[in-house]
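Structure first, then comments.
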Number of protein chains: 2
Amino acid sequence: MQNRIIIIDDNQLIRESLRMILQSAGKYVIVSTYSNCEDAIANLERDAPDIVLIDIQLPGISGIEGTTLIRKKLPNCIILIITVSEDSSQVFKSLSAGASGYIIKTASLDTIKKSIEEALAGGAPMSLSISKMVVESFQKQNDSPLSDRESQVLQYISEGKSYSKIADELFISKETVKTHIKNIYRKLEVVSKEDAIRVANKNKWVQNTH
Amino acid sequence: MQNRIIIIDDNQLIRESLRMILQSAGKYVIVSTYSNCEDAIANLERDAPDIVLIDIQLPGISGIEGTTLIRKKLPNCIILIITVSEDSSQVFKSLSAGASGYIIKTASLDTIKKSIEEALAGGAPMSLSISKMVVESFQKQNDSPLSDRESQVLQYISEGKSYSKIADELFISKETVKTHIKNIYRKLEVVSKEDAIRVANKNKWVQNTH
DNA sequence: GAAATATCCCCCATAATGGGTGATATAAAA
DNA sequence: TTTTATATCACCCATTATGGGGGATATTTC
């Protein structure tokens, strides 16, 4: 059976190029192409796509919001972002929104076809630089101004643990925890738990609990 | 200049196979091979590797702990995990520990050589299934028993925000926030902030702030 | 020998938390 | 249509948590 694909991109040239490339492969049916999310979403049920290729910069609803909306309607649909830039915040936002992979607009025709096949095979197609970015998001940074013990305490704080709980788990007194936290706040120049967590996350000084 | 590689694997056959493959490429010098982490770490300064290939299951210090220790001594060294299994918790732990990529033991010789080249080029070599796993870790699940509002409140809780702060940001009263939290605790069958965050993270009902 | 670190103690006040028991209005589902 | 879920808000209550201030000691590191 042929896979149903829809393409959402405000650039007609790109829409038509993608259509050509994919149709020539013979494995796909390009059921529709759209220049904006609104139209695409209105026809989602009728189109019933297996794969959506969506641009990130779109007039009106953005590609990221669009990804969220499409996944809400069709949870099993594979969404691949077509993009020119490799901006990290955009990448993370679209992955969080439910995109499965990234296709760089300047990629070769072969690479694009391969990306779609990888997605269908259950993979997560993306360029080397993007996968590197994603992997780095897992890695704790070593440039924290905090001591080992302070980092540890902050890690626990970021997990929502109370002072008493931290004290128990580290076999130290609650007062010691308080002292560490005072020093953490001083070093990070913050005055609250929330800000400390925000700064730590921003700088990847704590590990996300995946 | 040739890149310096060390190999840590308790299986002699694999050590020697990897040595052969890589030496034949001509671009690499295999400075040493070890059957355990302890010996490798003892000789790190002398070996000064650019790339470390390390098995995940090792006698004594595990590959994951080893990755942490090696990165502490040589922060710019690229560490690639050699593994047979694609267990998600192991994958995340080693990425968090600082590994850059994953090489599957059963991969073809060509794939292995290519992985090392990708790593040197600044990429994050890993199999399709592993990259999929990593991408999925970004994606919020939709199977939460919580209502939209409750999920939103829990998201804020997981960011360390206080009831008052949440109330302010959502333009609702503190009492309403409390009610939502009571309902969240009831639905998740927990009695504390910490447990709620743990359950939510485990099920990916909240988004990590990357 | 000074600086950083890790540990602990006291005081103090306020803020935050969580359990209970309500209420109201709306929307969705049975 | 009646029930259920949701979202909103209120008051009572007690305990815990938080954060700022001060100080202390021992070890390690530079």
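Numbered from 1 within each chain, the chains take letters A, B, ... in sequence-line order.
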In whole angstroms, the gap separating C1' of C:dG20 from NZ of B:K178 amounts to 9 Å
### Message
If you apply the rule side-chain hydrogen bond (donor to acceptor under 3.5 Å, both in side chains), what do you find for A:S89 with A:D87, and how did you get there?
### Response
CA-CA 6 Å; A:S89 83; A:D87 173 48; 3.2 Å; yes
The nucleotide from C:dG18, D:dT18, C:dC10 with an atom nearest the side chain of A:S162 is D:dT18
* Asked: Quick one: is C:dT7 close enough that its OP1 or OP2 comes under 4.0 Å of any side-chain N or O from A:T179?
  -> no
Note to self: Counting the atoms with a prime plus P, OP1 and OP2 as sugar-phosphate, which does A:S147 contact under 4.0 Å by heavy atoms, base, sugar-phosphate, or nothing?
What the structure shows: sugar-phosphate
Trace of the side-chain contact (heavy atoms from CB on, under 4.5 Å) decision for A:I103 with A:L80:
CA-CA 7 Å; A:I103 294 176; A:L80 299 180; 3.9 Å; yes
The reported gap from NZ in A:K140 to CD in A:Q155 (rounded to nearest 0.5 angstrom) is 6.0 Å
So CD of B:E150 and OG1 of B:T179: to nearest 0.5 Å the spacing works out to 10.5 Å
Taken to the nearest whole Å, CG/B:D148 to P/D:dT6 is 10 Å
Closest to the 5' end of DNA chain D, once A:K182 and A:K174 are matched to their nearest nucleotides, is A:K174
Would you say B:S164 reaches C:dA16's phosphate, i.e. side-chain N/O to OP1/OP2 under 4.0 Å?
-> yes
From CD1 of A:I172 across to P of D:dT27 the rounded distance in Å is 18 Å
To the nearest angstrom, the CG-P distance between B:D168 and D:dT8 comes to 14 Å
dist B:L170:CG -> B:T176:OG1 (nearest 0.5 Å) comes out at 10.0 Å
In whole angstroms, the gap separating P of D:dA7 from CD1 of B:I181 amounts to 14 Å
With a cut-off of less than 4.0 Å, is there a side-chain N or O of A:K187 near OP1 or OP2 of C:dT5? yes
Should A:K193 be listed as having a side-chain N or O under 4.0 Å from OP1 or OP2 of D:dT18? yes
Rounded to whole Å, the CD-P distance (B:E175 to D:dC13) equals 14 Å
- Phosphate contact (C:dA6 OP1 or OP2) by A:T176 side-chain N/O below 4.0 Å: no
Separation of D:dT18 atom P from A:N183 atom CG, nearest Å, is 17 Å
Under 4.0 Å from OP1 or OP2 of C:dG18: is there any side-chain N or O of B:Y185 that close? yes
In whole angstroms, the gap separating C1' of C:dA6 from CD of A:Q152 amounts to 12 Å
Among D:dA10, C:dT17, D:dT8, the one nearest any side-chain atom of B:Y163 is C:dT17
